[in-house]
There are 2 protein chains.
Amino acid sequence: MGASKTHMFSVTQNELAQVAKVLAHPARIAILEYISRQENCICNDLVDVIGLSQPTISQHLNEIKKIGLLKGTFEGKNLCYCINEERWGELQNSFNTFFTNINYNCC
Amino acid sequence: MGASKTHMFSVTQNELAQVAKVLAHPARIAILEYISRQENCICNDLVDVIGLSQPTISQHLNEIKKIGLLKGTFEGKNLCYCINEERWGELQNSFNTFFTNINYNCC
DNA sequence: TATTATTATCGTAATATTGCAATATAATAT
DNA sequence: ATATTATATTGCAATATTACGATAATAATA
């Protein structure tokens with residue numbers, strides 16, 4: 001087929017995979033790193049810094065926003081994207097749990 | 001276009017994204033979880049447990065192997081895939097560093 | 001209210017991923 | 001040697017992702 005058979009897997013497995021998918025693009029890693037370094041985020045800055053077109057950046061931001069990692073507020077005339085600290089902590093936890101729960105009792 | 005412009009990003013950013021991409025499928029999450037629970041891994045078991053076809057499982061295993069997360073040895077007549085403990089720790093570290101280095105000094 | 005600047009959406013093309021049937025290969029057992 | 005079992009590879013179809021130009025929507029300001 002081509003579509004992932006998500007229904008065959010648990011909610012937890014699908015959620016972790018979904019978050020991983022958002023992190024599975026260097027542009028989105030770069031965007032998150034850049035936002036975290038700034039006091040404010042202005043999309044137009046991202047276009048210059050990342051080096052992709054404005055629509056592409058906008059789409060990447062949307063992917064990140066979909067999993068709740070960004071919250072946006074208005075400041076002056078520019079939309080300000082910020083890291084959602086609570087959600088960020090949740091995801092860090094999810095990944096850490098996944099990595100920690102793996103055993104090596106094989107072979 | 002359609003292809004990711006990986007050359008625009010740092011090695012670290014690309015590497016993290018590449019690992020995330022492997023984790024970005026619930027089947028591969030499930031496979032890793034299953035292998036970690038077993039003393040031995042036999043691919044044919046995975047086909048039953050995961051519920052995807054043998055070629056599909058084989059391909060997923062290959063993706064996981066590509067980033068060094070599995071090591072395979074022969075045991076009896078079956079190839080035994082195991083978690084590469086050292087590599088696993090490295091990746092856990094990479095993700096943890098990424099999550100920890102993010103600041104929330106915005107907005 | 002018009003202008004300007006910024007962000008979002010639409011449409012489309014190129015590439016990547018996912019999945020499986022068919023087939024090939026490798027290892028073991030008889 | 002041959003049959004059996006397990007895994008890998010090939011080929012192909014369906015779907016998803018990535019990217020950008022064109023355009024629309026939104027908001028501040030002149």
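Proteins get letters first, then strands, A, B, ... in listed order; numbering begins at 1 in each. These values consider heavy atoms only, across backbone and side chains, with no hydrogens, waters or symmetry-generated copies.
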Angle between ring planes, A:H25 versus B:F9, binned at 30° and 60°: parallel, tilted or perpendicular?
perpendicular
Could you tell me how far apart B:L61 (CG) and D:dA8 (C1') are, to the nearest whole angstrom?
11 Å
Nearest-angstrom distance from the residue atom CE of B:M8 to P of D:dT18
15 Å
If we count only N and O atoms by modelled type, under 3.5 Å, do the side chains of B:Q13 and B:T6 hold a donor and an acceptor together?
no
Quick one: salt bridge (Lys or Arg N to Asp or Glu O under 4.0 Å) partners of A:E63, sequence neighbours excluded?
A:K66
Can you check the B:I64 CD1 to C:dT18 P distance for me, whole Å?
11 Å
For B:K65 and D:dA8, what is the distance between atoms NZ and P respectively, to the nearest whole Å?
5 Å
What pairs with A:S53 under side chain to side chain contact (heavy atoms under 4.5 Å, CB included), at least two apart in sequence or on another chain?
A:P55, A:T56
Report yes or no: does B:S36 contribute a side-chain atom to a donor-acceptor pair with the main-chain N or O of B:E33 at less than 3.5 Å?
yes
To the nearest angstrom, the CG-C1' distance between A:L46 and D:dA19 comes to 16 Å
Spacing of B:E63 atom CD relative to C:dG19 atom C1', expressed in whole Å
13 Å
Is the phosphate of D:dA19, meaning OP1 or OP2, less than 4.0 Å from a side-chain N or O of A:S53?
no
Ring center gap for B:W88 and A:F98 short of 6.0 angstrom
yes
Strictly below 4.0 Å: does B:S58 bring a side-chain N or O up to OP1 or OP2 of D:dT7?
no
Rounded to the Å, how far apart are B:D48 CG and D:dT7 P?
11 Å
In whole Å, what is the span from the NE2 atom of B:H60 to the P atom of D:dT7?
16 Å
Which residues in residues 15-30 of chain B have a heavy atom closer than 4.0 Å to any atom of DNA chain C?
B:K21, B:H25, B:R28
Side chain A:R28, main chain A:V22, donor-acceptor under 3.5 Å:
yes
Starting at the 5' end of DNA chain D, which residue's closest nucleotide do you reach first, A:Q54 or B:Q59?
B:Q59
